[in-house]
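Working notes, beginning with the structure itself.
Note on naming: letters A, B, ... go to the chains in the order of the sequence lines (proteins, then strands), and numbering restarts at 1 for each one. Only heavy atoms go into these numbers, but all of them, side chains included; no hydrogens, no water, no symmetry mates.
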Number of protein chains: 2
Amino acid sequence: MTERDMPTPPWERARRRPTRARVPLTRERIVDAAFVVLDQEGLDGLSMRRVASELGVTVSALYAHVDNKNELLELMYHRLFDGFELPEHDPEHWQEQLKNFARESRARMQHHRDMARISMGQTPFSPELLPHVERLLALLRATGLPDRVAAIAGDMLSTYIDGFVAEETIWRERYEGEDVKSWSEIRDEMKAYFGALPPDRFPNMLAVANLMVDETNDYRFELGLDIILRGLASYVEEPPDAS
Amino acid sequence: MTERDMPTPPWERARRRPTRARVPLTRERIVDAAFVVLDQEGLDGLSMRRVASELGVTVSALYAHVDNKNELLELMYHRLFDGFELPEHDPEHWQEQLKNFARESRARMQHHRDMARISMGQTPFSPELLPHVERLLALLRATGLPDRVAAIAGDMLSTYIDGFVAEETIWRERYEGEDVKSWSEIRDEMKAYFGALPPDRFPNMLAVANLMVDETNDYRFELGLDIILRGLASYVEEPPDAS
DNA sequence: TTCTATCATCGAACGGCGTTCGTTGAAAAC
DNA sequence: GTTTTCAACGAACGCCGTTCGATGATAGAA
């Protein structure tokens, strides 16, 4: 006679009915769910509770696989580099190679909402990411750049890319709550705002306002990239003396 | 000199009515207290409750003077530019002028903990800050740079500065909880970490690791600055065609 | 002086957050 | 068949930003 045959007392009826997860929880599945939440709610809406509910699981279940939220963000950051192949260094076309690296980085970050903000809080020096850094360094050192320049150039580029995409994000999300406005409508508002400035006090703003508003983000990104690469190129084969 | 004749930015909601002078609590005092909290607890510890307690006041009292936490951060950002004078443009020394602008920006952000992280979430296009942007644009347009380059150069520089200081902050705070370690101790640990990499797979990392670890932040900042300015200079008086 | 209207501040509450911890029950190991 | 293990649970803790009705001091009117 086991307790199995006994009836269940009514006060216990609401007891747990633990439908064991058909698919076991893993770090990978948690990161997958985190990206779903990130894309839907943005970084500010990315909470452990929300990720858990996405998986049909309790919050605390996550903590068996992930130390804390920071580690989850770290894992998401690592995803950025999954299958991110850098080419063999080709001293003839190093500038274009670096530009392609930057473009690919930007594209990957744009693929998930607020990804740039996550990226800015991380460094690529974990063991999993060091191979990527090594490949980038190989590209940089094959250019003829002095090592001390090559050593910081990767960091500079990443800072530029992160900052640029983060800024894109800010503008996109600034207009989020409001009615669906087209980008051209937003541009017109900005033009009107800048155009209404007193001309005697803001001659330079007025002179470039349309340029600032009209140029696409793609154009701005490429131009900034070109500025950095021209600056780098100026160090090739030259005994450098910064400042 | 008033802000009254300035247009309202389109993204801005209706601002609060100005507070009466007779009450002891003011926006200024709230911002002062917020900086005290920021320096003591960092951005993550900067809560409305903590600011209120710093003033010996209830949380909700703050909301009579400040719409929300975001507005408080905005006001703190504005403080960055208080008394930030840019020189008259001098076409002979524009590179040094821009470098001094960058150095001053970095120094101001370093003056308050996590200030760079606050700065990264803001734009300087509010009416109060536009005069500063105008002065910077004046510097940039006096260089002989094409307008389309001048229009994005200020943004680029600010992105670089914000990103650089934010990264400095990350490293500083990464070692915060631990026992007081000297920077040289931290450097040694990093050198040991990089030095233990397998030489066949990480030849480039090993070649520049010491450079990456040993150079001071000041040196790195100056070098990055110089790279950007050389890139900008390459556009002077040249019909530009970005990539 | 007394009354009244204003308004800065209070105190409690709401819903949400990251994280911890003792409990539980199904599967794995024996 | 028994024991062990351990992933998931659920409740709780102490935070957070923000809201709202109550309170009480004060300035101006009578």
Side-chain angles (χ1 to χ4, degrees), chain A residues 1-4 6 8-9 11-31 33-34 37-38 40-76 114 117-118 121 173 177, chain B residues 13-31 33-34 37-38 40-76 114 117-118 121 177:
Chain A
M1 180 69 156
T2 71
E3 288 175 10
R4 197 179 307 276
M6 300 293 289
T8 306
W11 63 84
E12 286 195 358
R13 202 154 288 158
R15 273 239 166 149
R16 198 173 337 151
R17 192 96 333 220
T19 47
R20 187 117 176 89
R22 314 184 89 253
V23 190
L25 209 53
T26 62
R27 281 157 84 93
E28 290 307 302
R29 287 190 59 227
I30 292 175
V31 175
V37 175
L38 183 69
Q40 274 176 23
E41 328 269 359
L43 181 55
D44 295 333
L46 176 64
S47 71
M48 298 299 275
R49 284 174 161 84
R50 183 69 183 75
V51 172
S53 91
E54 192 67 25
L55 290 160
V57 130
T58 335
V59 208
S60 46
L62 301 182
Y63 284 87
H65 302 87
V66 153
D67 273 356
N68 46 46
K69 186 179 178 179
N70 227 341
E71 198 190 34
L72 176 53
L73 294 177
E74 222 172 278
L75 292 173
M76 298 174 79
D114 287 337
R117 280 169 66 196
I118 293 179
E173 297 186 356
Chain B
R13 304 204 150 202
R15 290 244 173 167
R16 292 195 55 76
R17 293 197 308 265
T19 55
R20 286 191 184 269
R22 69 165 209 269
V23 297
L25 207 55
T26 62
R27 293 179 143 224
E28 291 306 303
R29 286 190 60 222
I30 292 175
V31 175
V37 175
L38 183 69
Q40 275 175 24
E41 327 269 0
L43 181 56
D44 295 333
L46 176 64
S47 70
M48 297 299 274
R49 284 175 160 84
R50 184 69 184 75
V51 172
S53 91
E54 192 66 25
L55 290 161
V57 130
T58 335
V59 211
S60 45
L62 301 182
Y63 285 85
H65 304 270
V66 153
D67 273 356
N68 47 47
K69 187 179 179 178
N70 228 341
E71 198 190 35
L72 177 53
L73 293 176
E74 219 173 280
L75 292 173
M76 298 174 79
D114 286 337
R117 280 169 66 197
I118 294 179

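Across the interface with DNA chain D, nearest-nucleotide mapping of A61(A) and L46(B) shows A61(A) to be the residue nearer the 5′ end. When each of V59(A) and V57(B) is assigned the nucleotide of DNA chain C with its nearest heavy atom, V57(B) is the one assigned upstream, toward the 5' end.
As a whole-Å value, the separation of E71(B) CD from dG17(D) P is 15 Å. Distance, R50(B) CZ to dT18(D) P: 18 Å, rounded to whole Å. The OH atom of Y63(B) sits 11 Å away from the P atom of dC16(D) (whole-angstrom rounding). Rounded to a whole Å, the NZ atom of K69(A) is 14 Å from the C1' atom of dC15(D). Taking atom CD1 of residue I30(B) and atom P of nucleotide dA8(C), one finds them 11 Å apart after rounding to whole Å. Taking atom CG on N68(A) and atom P on dC17(C), their separation rounds to 17 Å, with Å as the unit. Between the P atom of dC15(D) and the CE atom of M48(A) lies a distance of 20 Å, rounded to the nearest Å. In this entry the distance linking CG of L25(A) with C1' of dC6(D) reads 13 Å, nearest Å.
Among the protein residues, T58(B) comes within range of the nucleic acid bases, having at least one heavy atom under 4.0 Å from a base atom.
Here the nucleotide nearest the side chain of H65(B), chosen from dA8(C), dG18(C), dT18(D), is dA8(C). Closest approach to the S60(B) side chain among dT18(D), dC10(C), dC16(D) is made by dC10(C) (side chain taken as heavy atoms from C-beta onward).
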* Assess whether side-chain contact (heavy atoms from CB on, under 4.5 Å) is satisfied between K69(A) and V51(A), documenting all intermediate values. => CA-CA 11 Å; K69(A) 186 179 178 179; V51(A) 172; over 6 Å; no
* To do: Give the intermediate values and the outcome of side-chain contact (heavy atoms from CB on, under 4.5 Å) for residues L72(A) and L62(A).
  => CA-CA 10 Å; L72(A) 176 53; L62(A) 301 182; 5.8 Å; no
* To do: Start with the C-alpha gap between L43(B) and L73(B), add the side-chain angles, then the distance that decides, and say whether side-chain contact (heavy atoms from CB on, under 4.5 Å) holds.
  => CA-CA 10 Å; L43(B) 181 56; L73(B) 293 176; 4.3 Å; yes
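In this structure, R27(B) contributes its side chain and H65(B) its backbone to a donor-acceptor pair below 3.5 Å. Using modelled atom types, one side-chain atom of S47(B) and one backbone atom of R50(B) make a donor-acceptor pair closer than 3.5 Å.
Under 3.5 Å, the side chain of R49(A) and the base of dG16(C) form no donor-acceptor pair of N or O atoms.
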